[in-house]
Structures are given as structure tokens and as C-alpha cells.
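Let me begin by presenting the structure, written as C-alpha cells, before commenting on it.
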There are 2 protein chains.
Amino acid sequence: MNDRQMNIGEAARRSGVSARMIRHYESIGLIPKAPRAYSGYRAYSGNDVHTLRFIRQARSLGFSVSQIEQLLGLWRDQSRPSRRVKALALAHVAELEQRIRELGAMKRTLEQLAAHCHGDERPECPILDGLAVPAGARRRSPARPDLTQIKPKARAC
Amino acid sequence: MNDRQMNIGEAARRSGVSARMIRHYESIGLIPKAPRAYSGYRAYSGNDVHTLRFIRQARSLGFSVSQIEQLLGLWRDQSRPSRRVKALALAHVAELEQRIRELGAMKRTLEQLAAHCHGDERPECPILDGLAVPAGARRRSPARPDLTQIKPKARAC
DNA sequence: ATACACCTTGCCACGATGAGAAGGTCAAGC
DNA sequence: GCTTGACCTTCTCATCGTGGCAAGGTGTAT
């Protein structure tokens with residue numbers, strides 16, 4: 001029943017992946033090039049929609065496109081050892097934890113600064129003062145190398 | 001002693017902002033155009049370095065460039081009400097919290113999927129199955145009621 | 001004079017997504 | 001037939017912060 005071919009719009013609606021992103025995924029090789037109808041329109045099957053849903057789900061869990069590439073490969077490989085999938089998933093969990101820790105550190109620092117700020121009409125502001133002073137100089141134990149330096153992985157989500 | 005003018009490289013070293021990013025910040029108007037020596041080299045003062053450190057610190061706390069623009073404005077305005085700074089900071093804390101929540105939700109979902117995966121040589125894999133099924137349709141897994149119901153917070157191996 | 005470190009500008013790339021332009025295709029209604 | 005409107009095609013540009021590379025000018029030390 002799902003063997004009906006459909007255009008990109010319907011595939012987008014059914015999968016939850018925008019038509020724009022379907023084309024994008026095709027262009028970067030994440031999904032194979034869709035066959036074209038005589039009109040030049042891309043033609044998708046129910047199976048393709050299934051794949052797109054897989055991709056959307058993986059994206060919503062924060063997997064990068066290259067990770068999804070691997071996941072798709074494992075998904076299609078009926079004889080994969082589940083060990084490899086689990087390793088991928090747990091590695092991603094670790095990444096998520098790392099990013100959560102980084103954001104948490106930012107939040108904590110900022111909250112501490114904000115806690116000391118009156119937040120009224122007066123100009124004195126420990127928040128601005130805190131930003132103006134290098135992070136390490138604000139510590140009780142003056143560890144020279146600023147271990148508080150965090151490097152966001154250039155990947156906002 | 002800090003009135004000495006310096007080239008971009010030294011300003012970068014002293015502030016912790018790369019020369020590249022200093023030029024970038026200048027080009028997008030976050031910092032004013034640096035005066036040029038006869039050679040065409042940009043000339044920076046100790047004050048400029050101070051500003052750059054402020055920027056670096058704000059970036060490391062996750063403020064966006066446009067937010068930093070506002071913070072710089074408040075920093076320079078000696079008569080700002082600290083209320084406005086605090087509002088900015090707390091709004092950013094809320095953003096951070098939001099992102100942390102999102103990442104935490106991803107992590108939790110992924111951990112739950114991983115917890116049910118044996119992670120051995122066999123191909124069966126609840127992780128891939130979970131990705132293949134739309135999120136809403138995965139309330140319970142009737143296939144293995146013993147695992148899903150007994151272990152609420154199963155930890156992955 | 002020659003080497004080398006530093007500076008300049010400019011373009012390209014990342015990742016995932018959105019916006020828009022300019023044009024082709026299809027199906028329904030007259 | 002013809003028009004309309006929804007849908008499709010490709011293309012380019014923008015986001016955001018950062019890095020890389022290239023080609024060329026400058027400054028200083030040997």
C-alpha cells in the first residue's frame with residue numbers, strides 16, 4: 001500500500017523532513033539520488049519516507065550528519081553487530097554530556113555574577129566587572145592556566 | 001606602561017582573542033576600526049586589549065556577538081542601570097537552561113535506547129529500531145516487557 | 001642582502017537550515 | 001483551447017564563529 005510513488009512535497013509531509021532538506025541530504029550524499037519522473041520531479045517510495053523518518057529522528061537526537069551516515073549504514077546492514085551501534089550511541093551520549101557540562105559551567109558562572117548584581121537603577125554592576133576581568137583572576141585559588149576555558153565545538157544546536 | 005601601542009599579534013596574545021577574530025570583530029563593527037600605523041598595520045592600546053578580553057570572556061560564557069554588542073554598550077555607559085545588565089544576563093541564563101534541557105532530553109532518550117541494546121555480536125538492536133520508528137509511537141516496547149518494566153534507570157554497560 | 005616573522009586583504013569551508021528568485025509542470029475549472 | 005494556483009526544478013545568499021590558505025607588503029636581525 002505504501003508502494004505508491006510520490007513527489008518531494010508529500011515525502012516531506014510524511015517524513016517530517018522539509019523538501020529543502022531532502023534535496024540537501026541528496027546533494028551531500030546522505031541519501032541516494034532519487035529517480036526522476038518524466039517531468040524531472042523526484043519520485044519517492046514509502047521506503048524512502050521510512051529512511052527520511054530515521055534521519056529526522058536521529059537528527060532530533062543530536063546526531064550529526066556524518067554520524068547519521070554511519071547509523072544508516074548499520075541500519076541497512078542486516079548482519080551488523082549491535083555492539084557497533086551501541087558504541088556509536090554511547091559516544092554520542094558522551095558528547096552530549098560534554099556539551100551539557102560546558103553549558104552548565106557557563107550558566108553557573110553567570111548566575112554567580114548575577115547573584116551579586118543589585119539589578120536596580122544604580123550603575124555598579126558586578127556582572128560587567130566580572131566580564132572585564134580575566135576568568136582566572138577571579139578565582140579563590142589562583143590556578144594559572146585557565147582550566148575554565150571551554151571550547152564549544154562550533155556546533156550550536 | 002600599557003599605553004604602548006602594539007600590533008595585532010601582540011594584542012591577540014595579550015587578550016586571548018586570535019588576530020583573525022580581532023579583524024573579524026572589526027569588520028562586523030563589534031569593535032571600532034583600529035587606527036593604522038604608517039605601514040598600514042593596526043595599532044592597539046592597552047585599553048583595546050581590555051575590551052578584547054571583555055569580549056573573550058563574554059564569548060566564553062556563551063553570549064552571542066549581538067548580545068556582546070549590547071554588553072559593550074552598557075559597559076562603556078557609566079550611567080547604565082545595572083538592572084539592564086542583569087536582565088541581559090538572566091535572559092542568557094534562560095537560554096542556556098533551555099539548551100541544557102534540550103540536550104538532556106536527547107541524552108535521556110538515547111540512554112534509554114542504549115540500555116535495551118545488548119551491544120554484542122548479534123544484529124538485533126533496539127537503538128536502530130527506535131530511530132526507525134517515529135518518536136511518539138515508542139511509549140512502550142511490548143516485545144521485551146521484562147526489560148522495559150523492571151529497569152527504570154538501567155545503566156548501559 | 002637575505003631570511004624570517006609579522007602584517008595586509010580576500011576567498012573558501014564548516015553544519016544545518018531558511019529565504020528568495022526565476023522558471024518548468026500538472027491538474028482543475030472555464 | 002486558456003488561465004490559475006499549487007507544486008516542482010535549480011541557483012544563490014545568509015546565518016554564526018572560526019579556521020585555513022594564498023599572495024603580497026613590512027620590519028628587523030643577521
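Labels below follow one simple rule: chain letters A, B, ... track the order of the sequence lines, proteins then strands, and each chain is numbered from 1.
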Separation of atom CD1 in I8(B) from atom P in dT26(D), rounded to whole Å: 17 Å

Listed nucleotide nearest any side-chain atom of S39(A), set dC26(C), dT18(D), dT17(C): dC26(C)

OP1 or OP2 of dT9(C) under 4.0 Å from side-chain N/O of R36(B): yes

Upstream residue (5' side of DNA chain D) when Y38(B) and S64(B) are each assigned their closest nucleotide: S64(B)

Any donor-acceptor N/O pair under 3.5 Å between dG25(D) base and Y41(B) side chain: yes

Gap between atoms CD1 and C1', on I28(B) and dT18(D) respectively (whole Å): 12 Å

Listed nucleotide nearest any side-chain atom of N7(A), set dC8(D), dG27(D), dA16(C): dC8(D)

For atom CD1 of I68(A) and atom P of dG15(C), their distance in whole Å: 12 Å

Criterion side-chain hydrogen bond (donor to acceptor under 3.5 Å, both in side chains) on D48(B) and S45(B), from CA distance to verdict: CA-CA 5 Å; D48(B) 294 329; S45(B) 67; 3.3 Å; yes

Geometric class of the W75(A)/H50(A) ring pair [parallel <30°, tilted 30-60°, perpendicular >60°]: perpendicular

Sugar-phosphate, base or nothing in reach of Y25(B), heavy atoms under 4.0 Å: sugar-phosphate

Interatomic distance, I31(B) CD1 vs dG17(D) P [rounded to whole Å]: 14 Å

Sugar-phosphate only, base, or nothing, as touched by R42(B) at under 4.0 Å among non-hydrogen atoms: sugar-phosphate

Whole-Å gap separating P (dG17(D)) and NE2 (H24(B)): 7 Å

Which nucleotide in dT26(D), dT9(D), dG19(D) has an atom nearest any side-chain atom of S18(B): dG19(D)

Identified side-chain contact (heavy atoms from CB on, under 4.5 Å) partner of V17(B) from the options I8(B), I31(B), L52(B): L52(B)

M6(B) CE - dG27(D) C1' separation (whole Å): 18 Å

Between dC8(D) (P) and E26(A) (CD): distance, integer Å: 14 Å

Whole angstrom value for the distance that separates P of dT9(C) from CZ of R23(B): 7 Å

Side chains of E111(B) and E97(A) in contact at under 4.5 Å (non-hydrogen atoms): yes

R59(B), nearest nucleotide to its side chain (from dT25(C), dT18(D), dA16(C)): dT18(D)

Step-by-step side chain to side chain contact (heavy atoms under 4.5 Å, CB included) determination, Q67(B) to E95(B): CA-CA 12 Å; Q67(B) 288 172 315; E95(B) 281 174 34; 3.2 Å; yes

Selection from dA19(C), dA16(C), dT10(D) that lies nearest to any side-chain heavy atom of R20(A): dA19(C)

